[in-house]
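Notes follow once the structure below has been shown.
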Amino acid sequence: MKFFSTRNPSDRFDFNEAVLMGIATDGGLFVPEEFPKINIDDLKDLSYDELAFEILSKFLTDVDKEKLKEIISKAYDNKFPKNPAPLVKAGEDFYLELYHGQTHAFKDFALSILPLFMENAANSKKIKNKILILTATSGDTGSAALYGFRDLKNIDIAVLYPEDGVSQIQKLQMTTVNSPNTLVMGINGNFDDAQSAVKKIFTDKSVKEELREKNYSLSSANSINIGRLLPQIVYYFHAYNQLAKSEISFGKKISFVVPTGNFGDILAGYYAKKMGLPIEKLVIASNENKVLTDFFESKTYNANRKLKVTNSPSMDIIISSNLERLLYHETKDSEKVKILMDSLLSDKVYSLEHDFKDFCAGYADEKKTLDTIKNVYIKDNYLIDPHTAVAKKVADDYKKSRKTEEKIIILSTASPFKFADVIINEFDDITRQGDIFKDLKSFENYTSIKVPKDIFNLKDREIFHKKTTEVKDIQKNIIEFVCDRNEN
Ligand SMILES: *Cc1c(COP(=O)(O)O)cnc(C)c1O
């Protein structure tokens, strides 16, 4: 299996090369040259680890099979419960709970394994340089990446988050990571500013040169890295297997509703479908930053809009990077993709006449999202976070509009407690005390739902990262960090 850039199919790379590069030198994203076909009957009774092996080994053909097994079992060890991604029925809905990892969001699935892929790739390729992971985060990537990469020997990580665009719990999860190979900075700007700054550094030859002089090469842990995308395919199959145990006959088509920002999670669902998972529709659920909903409706991707800070911050995105991969897979025209992406960069807009038949799209505004959290709790006695609530609202709309009657799975992407500040406000009987941890305690008493211990423990952890930066100084700060690392 080889991978190539969405903007140039002639240069081919194996997985180890692609995972280390993160993004192609032409600015494109790596895609697999084909989708390996899988017979779902063979996967029926597999454990999560076994399933991960079956799927990943089809793509990581340059990774030794025993080594891959070792990597998988190390990634999904007791950091996760025995069933890492349980399918839960609440009311009439099925939720795939993807938030039982260390930082309580679905990103733990990919970021528990990506660092191991990278270490292995660096060893296989006999890379002498150190690697600097540079990552922009709207909240959840940052903590999941820091937990995944902390304390590694030859890989350092720098995380940029929008100072006013993440929840208090998310911020604490990042700023309390105590490991010398980590740099965490709040930026005065939004997520797109952070992401653009990172992209710029990745394509800027002089920065790369400067880093090379310091013996560093650059890579990414954002979902533009193919090593993040592939592990997410696994839980779509795992979800299907669980649903097929009791609710559908094996082989019947189902749909997934996915809270979407950078288009990574839902794209993994598309890969699953291409590999043979019986999926009717992949339903994109956006918040008020509904650039994708508009694109799928109007065929025009229009990034000329102001980003709104919402209660589902991990979806506050206007440039949805992974869409580029879908554009390539659907058009198979890298010239075209390049033209569209250039147009997005220069004019913030492009149009494409195309029928994306595997997808539907919808969105939920802030009020509907909050109402949904409350209604699901009252009606189904089940607590969901704001991202999942966006998906639940869109799932309800989808159910009303569709003609078929297939079963639907909603991807539940974060623990509600990660966004406790938002959720507790919806409970009129709880008096806020101006302290998130006291509020959590009241909440726990009121609902009898246990708050994860490590979220409570954040209260007593020391804050190690206090630095904030202007967008224009990001590059300077990163170079300084690298210099400091070299001196120690
Ligand atoms: C990152 C994230 C999303 C969006 O996922 P994408 O892969 O960026 O589309 C949705 N919900 C939560 C909780 C997230 O952390």
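Note that the structure is a prediction, hence the values are computed from the model and not measured. Counting starts at 1 for both ligands and their atoms, in listed order.
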For F417, I'd like to know if atom CZ has over 12 heavy atoms of other residues, nucleotides or ligands within 6.0 Å.
yes
Given G261, S312, P313, which has its nearest heavy atom closest to atom 4 (C) of ligand 1?
G261
Report the nearest protein non-hydrogen atom to atom 8 (O) of ligand 1: residue, atom name, distance rounded to 0.1 Å.
N262 N, 2.8 Å
Is the NZ atom of K368 crowded by more than 12 outside heavy atoms at less than 6.0 Å?
no
Specify whether F30 and F13 have parallel, tilted or perpendicular ring planes, treating 30° as the upper limit for parallel and 60° as the lower limit for perpendicular.
perpendicular
Does P259 have a heavy atom less than 4.0 Å from any atom of ligand 1?
yes
Can you check which of T260, D108, T388, D140 brings a heavy atom nearest to atom 15 (O) of ligand 1?
D140
Quick check: are there more than 12 heavy atoms from other residues, nucleotides or ligands sitting under 6.0 Å from NZ of K281?
yes
K418 contact mode with ligand 1 (heavy-atom cut-off under 4.0 Å)
neither
Assert yes or no for the condition that the ring centre distance of F295 to F356 is strictly below 6.0 Å.
yes
Checking ring-ring contact (aromatic ring centres under 6.0 Å, His included) against Y236, which of Y271, F106, Y270, F256 comes through?
F256
What is the nearest protein non-hydrogen atom to atom 7 (O) of ligand 1, stated with its residue, atom name and distance?
D265 N, 2.8 Å
Heavy-atom contacts with G264 under 4.0 Å: which atoms of ligand 1 show up? List them by number with element.
6 (P), 7 (O), 9 (O)
For the residue pair F80 and F109, categorise the inter-ring angle as parallel (less than 30°), tilted (30 to 60°) or perpendicular (more than 60°).
tilted
Should the ring pair F427 and Y377 be called parallel, tilted or perpendicular, given that the plane angle runs from 0 to 90° and is split at 30 and 60?
perpendicular
As an exercise, identify every atom of ligand 1 less than 4.0 angstrom from a heavy atom of F263.
6 (P), 8 (O), 9 (O)
Looking only at protein heavy atoms, which one is nearest to atom 11 (N) of ligand 1, and what is the separation?
T413 OG1, 2.8 Å
What are the atoms of ligand 1, with element, lying closer than 4.0 Å to any heavy atom of A414?
13 (C)
For F191, check ring-ring contact (aromatic ring centres under 6.0 Å, His included) against everything at least two apart and list the hits.
none
Judged on heavy-atom distance to atom 2 (C) of ligand 1, which of H104, Q232, K107 sits nearest?
K107
Ligand 1 contacted by F106 (non-hydrogen, < 4.0 Å):
yes
Say whether S223, considering both its backbone and side-chain N or O atoms, lies within less than 3.5 Å of an N or O atom on ligand 1.
no
